[in-house]
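Working notes for the structure below.
Given the structure is predicted, the values throughout are model-derived calculations rather than measurements. The chains referred to below are lettered A, B, ... by the order of the sequence lines, with proteins before strands, and numbering in each begins at 1.
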Amino acid sequence: MEIPKTYDPKQAEESHYARWEREGCFAPEVNADADAPAYSIAIPPPNVTGSLHMGHALQHSIMDVLTRYHRMRGFRTLWLPGTDHAGISTQIVVERQLKKEENQTRHDVGRDEFIRRVWEWKEQYGGEITRQMRREGASVDWSRERFTMDEHLSRAVREFFVRCYEEGLIYRGPGMINWCPKDQTALSDLEVDKESQAGKLYYLQYPLKGSDRRVTVATTRPETMLGDTAVAVNPNDERYAELVGRTLILPIVGREIPVVADEFVEREFGTGAVKVTPAHDPNDYALGKRHDLAQVQVIDQHARMTREAGAEFEGLDRYEARERVVEKFEESGLLEKVVDYEFAITKCGRCRTVIEPLISTQWFLKQSELGRAPLELIRERHEPRFVPENPYEKVYTNWLENLYDWTLSRQLWWGHRIPAWYDEKGNVYVARNEEDARRAAGTDKLEQDPDVLDTWFSSALWPISTLGWPDEDSADLQTFYPTSVLVTARDIIFLWVSRMMMTGMKFRGEKAFDDVFITGTIFDKHGQRMSKMKGNGINPLDVFDKYGVDATRLVLASMGSTDTRWNDNQVESYRNFANKIWNAARFCLLNSEGAQVGKGFEGEPATWSLHDRWIVSRLNKTAREVSAAIEGYQFHEAVYALYHFFWDDFCDWYIEFSKEEVLGAVAGEQLSDAATESLSAARSRVVTILEQSLRLLHPFMPFITEELWLRLPGVGADLMHRAYRSADVSPTIMLAEYPRADAALIDEQAEAEMQAVVELVSRLRNIRNELGIKPGESINAVVIADDESLRDKFGASSGYIMRLARLESLRMTSDRNEVPRASARAVLAGGAEVAVPLEGLIDFEQERARITREREKQEKELQKVEAQLSNPQFIARAPAEKVEELRQRAADVGQRIKALGEMLEALSE
RNA sequence: GCCCGCUUAGCUCAGUGGUAGAGCACACGCUUCACACGCGUGGGGUCGUAGGUUCAAGUCCUACAGCGGGCACCA
């Protein structure tokens, strides 16, 4: 068999995914066990315009580990993929293309044609990310792929809207909203970002009517003064007490405006008097409502001044108007001062344009009502369970405690159109379809609301709508809801996570997911957030090309919920790990004649040799650790356990020990039947451990494990989990059973004995290195142990020890005097010593120094331990088991010191 | 202003009250018949600072510092 020396990830990555998908391995239907428990994950649907970034790769790696693990465990497993129509982003992408290719705007082609073009674009270019997910190895069920604008999901959206409208949770009316002057649409509070910005605070004086007195107000936005309809002060502020109820003359405009008292105003800030612009500031809007103030709109949807701002300003951009207003104040001597001031500015989350708060008639959802059930659930039962719990449970809870109305409508064309129709008189009919609306209105002359819904409105339904809701009897809904876990980034806990909980509780009476796993954030190597604008993003596809998908997945999975700076070294080390796996398998396969997976471990474990009992014990412990770690979302622990089991235990020791038995006959030599049988058995054992290891690794490294597994002797359908055995699919590791730990095979004694052997070999290697003995030179070693059973144990493994430490001979004795003076020595656990006679090679002084150093180290340790043991408080209060443990250690260290002292004596003679 | 997180080896990060860890990097030695993407050996840490609780603190508590994040306010 030809097996290259270096693993080529590309080859494996291109070999298996298409078959898995074609044969239906990802679909839950592959599971024939009627009693199988369900495990389901709804993917956070990436934007249809999007392409894969590190954040996706991170989330997908974790979801795929969970999915593949549970599938191998026999769960009826569904990971449901799909994409989001991403209203504004997609609309802009297509508008840009229209402009570039035909020099037209969406208004030139008209709404229907534009929507047709968007669909066309989606068919042609959309979903690039779904191809990239196949590259990642994501085991999603493509047969259930959904898009938020699918007919079925759109029906769910209308159902959601109509029901909430009927219950009074959704209403239409004027309100203060965030308006993006560039995108020309309303936005919810979650779609805007606050940024701090260096600006100026302008102190403006407003004359008191019928007096020389002036009231000074401070503002960062002087242009809005044209729309002022009051000045407010704190009711307890003596400075202004006598002014409350009196009238001011608004400069430039000449309007008479009242001075009102309101608790909202803080005495300490600015001058303690606030100009009130109800039409252009959310706080002023609320204040204006309380005091029944007029709303004067002086800025329009394009952020230009309106006619109401006055002829002098009409048509000016808001920033031009600002300069003009300030000039006018200066001219009239009403500008008191201007100071530098840093303040927060609200920007459109998408295009970064400064938001203009406007009063506008929009559709709103009373979130506080919908949020009640999720709030109770998290408070009383801590559901869903957040991982990590801290800080996310609290963040989520605080959010639900402070819900406000959600601005639903968007002045866009691409999206779910609001299911509301108006008759000629302007009466509104909200209905599931136009026919129902007509029936309700009693006329055909209806016009549908031109606006569409916030993209997150359909996202809020994702877990239920993708499973079939509003068809309550949908089989998928029955089987897979609630979903098992949601894996996502922290920045959409409010925007999305909380809202899915709201709809799930409302329409299904159940949480949308049992657990919520929040991933960490990946930064660049300088600790900066990766972003398109900064251009510091690392493309996961490039990393796949360079190091392979499996290696990248290991890095991502082990990051889990930790914020991490990206570091290629880490991927490189896992690339090396993949190569290690490849070569371990290569060794097994080159020596696999006569071997069979699953054989070789016949009979009672007590009859097996030490290293067999040991590796089986280690394997079972690892299986136990890895399963517990995955189920507890501690992915780094799982990866760590797998890495060290495979590399340290299996490769460094088990394979090395097995070589003697596995390499077999020299060419041409005729083996006896018994020898052939034991050779095959030994080879089977190595291959069996390898096969189990590959299964354990598969959820993390799907490609290399499948590639190697299929090459192992004796793999086939009978190794698949019983739930999949009857399925019409080719044998595949992804449907094999995930190894379960068998407590009966965990053998602490074997592990301790093996550890002693490992220590002996390590001490001998250390001596070789420290004394500069050439690798080719053989040495002799003597183990001195009073304990006979210890001598027997080393004796039983002496062949292995000799080979790994490159010894000419290994002798056991209880008599120290048998060892020549000119020996290098080391202490071992259990009161044993090892000596290497090296006549002529020993520099006595150097050797004494080496041992003295070691003794000093041990003495320091003994001091520490004895200090603790001589503390009566410790003896009295520490658990007896701890005290005993420490006594043991003191004894062991004491013994080592004694032995080291004797060695020094021997060297001094 | 309120809340939260982080601070451990040169770097990136694990660490569950009881002997401080990994990978990479570093030093030395190796074409040992799976693997130089490898093998062997070694050096490197008063766990941010100061207190406290405890027989015992990297781990729990308090304060402080630095870095990062969220929420509110910002006229």
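A/Lys857 comes within 4.0 angstrom of no nucleic acid atom, judged by non-hydrogen atoms across all strands. No engagement by A/Val217 is indicated, since no non-hydrogen atom pair under 4.0 Å with the nucleic acid exists. Contacts of A/Asp652 with the nucleic acid, taken as non-hydrogen atoms under 4.0 Å apart, involve only primed sugar atoms and P, OP1 or OP2. Note on A/Cys651: a base of the nucleic acid sits closer than 4.0 angstrom, heavy atoms only. Using a 4.0 Å heavy-atom criterion, one finds that A/Asp281 contacts no nucleic acid atom at all. A/Asp284 comes within 4.0 angstrom of nothing in the nucleic acid, heavy atoms only. Heavy atoms of A/Ser558 sit nowhere under 4.0 angstrom from any nucleic acid atom. When heavy atoms are screened at a 4.0 angstrom cut-off, A/Pro872 is found touching no nucleic acid atom at all. Contacts of A/Ala876 with the nucleic acid, taken as non-hydrogen atoms under 4.0 Å apart, are absent. A/Tyr341 comes within 4.0 angstrom of sugar-phosphate atoms only, judged by non-hydrogen atoms across all strands, and of no base. Nucleic acid contact for A/Glu572: none, since no nucleic acid atom lies under 4.0 Å from a heavy atom of the residue. As judged by a 4.0 angstrom heavy-atom cut-off over every strand, A/Thr220 is placed among residues touching the sugar-phosphate backbone only. Contact annotation for A/Arg806: base contact, defined as any heavy-atom pair under 4.0 Å involving a base atom.
When both distances must be under 3.5 Å, the Watson-Crick or G-U wobble mate of B/rU41 is B/rA27. Checking B/rC73 for Watson-Crick or G-U wobble geometry (two distances, each under 3.5 Å) identifies no partner in any strand. Within the shown strands, nothing qualifies as a pairing partner of B/rA56 under the Watson-Crick or G-U definition with both distances less than 3.5 Å. Within the shown strands, B/rA63 is the pairing partner of B/rU49 under the Watson-Crick or G-U definition, both distances less than 3.5 Å. If you check B/rA22 for Watson-Crick or wobble pairing at under 3.5 angstrom, you find it paired to B/rU12.
Here the nucleotide nearest the side chain of A/Thr6, chosen from B/rC39, B/rC37, B/rG42, is B/rC37. Of the candidates B/rC11, B/rC73, B/rG40, the closest approach to any side-chain atom of A/Lys194 belongs to B/rC73. Checking B/rA34, B/rC74, B/rU12 against every side-chain atom of A/Ala344, the shortest atom distance belongs to B/rC74. Minimum atom distance to the side chain of A/Asn769 is reached by B/rG40, of the listed B/rC74, B/rG18, B/rG40. Comparing B/rG18, B/rG21, B/rC73 by their nearest atom to the side chain of A/Tyr640 picks out B/rG21. Comparing B/rU19, B/rC37, B/rG18 by their closest approach to the side chain of A/Lys882 singles out B/rG18. For A/Pro775, whose side chain is taken as the heavy atoms from C-beta onward, the closest listed nucleotide among B/rC30, B/rG18, B/rC74 is B/rC30. When distances run from any side-chain atom of A/Arg565 to the nucleotides B/rC74, B/rC13, B/rA34, the shortest one goes to B/rC13. Residue A/Lys864 places its side chain closer to B/rU19 than to any other of B/rG23, B/rU19, B/rA34.
B/rA36 and B/rC30 are spaced 10 Å apart, taking the C1' atom of each and rounding to whole Å. Rounded to a whole angstrom, the distance from the P atom of B/rC13 to that of B/rG69 is 15 Å. Between the P atoms of B/rC64 and B/rG45, the separation comes to 32 Å (whole Å). Taking atom P in both B/rA20 and B/rU53, one finds a spacing of 23 Å when rounded to whole Å.
Remark: the backbone N or O of A/Ala805 is paired with a side-chain donor or acceptor of A/Arg768 at under 3.5 angstrom. Using modelled atom types, no side-chain atom of A/Asp563 and backbone atom of A/Gly520 make a donor-acceptor pair closer than 3.5 Å.
Note on A/Asn579: every side-chain N or O is 4.0 Å or more away from OP1 and OP2 of B/rG38. Put simply, A/Lys860 has no side-chain N or O that comes within less than 4.0 Å of OP1 or OP2 on B/rU19. Contact annotation: A/Lys659 does not reach the phosphate of B/rU32 (side-chain N/O to OP1 or OP2, under 4.0 Å). Residue A/Asn398 has no polar side-chain atom (N or O) positioned under 4.0 Å from OP1 or OP2 of B/rC4. The shortest distance between the side-chain N/O atoms of A/Asn766 and the OP1/OP2 oxygens of B/rG42 is below 4.0 Å. Contact between the side-chain N/O atoms of A/Trp647 and the OP1/OP2 oxygens of B/rC39 is found at a separation under 4.0 Å. For A/Lys5, a side-chain nitrogen or oxygen approaches OP1 or OP2 of B/rC35 to under 4.0 Å. Note on A/Thr562: a side-chain N or O is less than 4.0 Å away from OP1 or OP2 of B/rA14. Look at A/Asn390 and you'll find a side-chain N or O under 4.0 angstrom from OP1 or OP2 of B/rG5. Taking 4.0 angstrom as the limit, A/His636 places a side-chain polar atom (N or O) nearer than this to OP1 or OP2 of B/rG15.
Distance, A/Glu268 CD to B/rC74 C1': 14 Å, rounded to whole Å. Here the P atom of nucleotide B/rA56 and the CD1 atom of A/Ile875 are 13 Å apart, to the nearest Å. Regarding A/Lys774, its NZ atom lies at a distance of 17 Å from the C1' atom of B/rU31, rounded to whole Å. For A/Asp563 and B/rG5, the CG to C1' distance is 9 Å, given to the nearest whole Å. Look at CH2 on A/Trp399: it is 8 Å from P on B/rC71, rounded to the nearest Å.
Inter-residue side-chain proximity for A/Leu679 and A/Val662 is flagged as unmet; no heavy-atom pair is nearer than 4.5 Å.
Nearest-nucleotide positions on RNA chain B place A/Trp653 closer to the 5' end than the other of A/Trp653 and A/Ile345. Place A/Arg575 and A/Ile655 on RNA chain B by their nearest nucleotides, and A/Ile655 ends up nearer the 5' end.
Judged by distance alone, the side chains of A/Gln858 and A/Glu854 do bring a donor and an acceptor atom under 3.5 Å apart. A side-chain donor from one of A/Asp568 and A/Trp566 sits under 3.5 Å from a side-chain acceptor of the other.
Taking the centre of each ring, A/Phe645 and A/Trp653 stay at or above the 6.0 Å mark. For A/Phe329 and A/Tyr203, the distance between ring centers is not under 6.0 angstrom.
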key: Test log, rule salt bridge (Lys or Arg N to Asp or Glu O under 4.0 Å), inputs A/Glu625 and A/Lys621   = CA-CA 6 Å; A/Glu625 280 169 30; A/Lys621 257 193 195 173; over 6 Å; no
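The base of B/rC4 has none of its N or O atoms less than 3.5 Å from a complementary donor or acceptor on the side chain of A/Lys394. For B/rG23, its base never sits under 3.5 Å from the side chain of A/Asn569 at any donor and acceptor pair. Evaluation of atom-type donor-acceptor distances gives a pair under 3.5 Å for the side chain of A/Glu656 against the base of B/rA34. A donor N or O paired with an acceptor N or O is not found under 3.5 Å between the base of B/rC35 and the side-chain atoms of A/Arg586.
When each of A/Tyr7, A/Phe577, A/Phe646 is paired with A/Trp582, the ring pair (Phe, Tyr, Trp, His ring centres under 6.0 Å) condition holds for A/Tyr7 and for no other.
Note that CD of A/Gln570 is 11.0 Å distant from CD of A/Glu572, once rounded to the nearest 0.5 Å.
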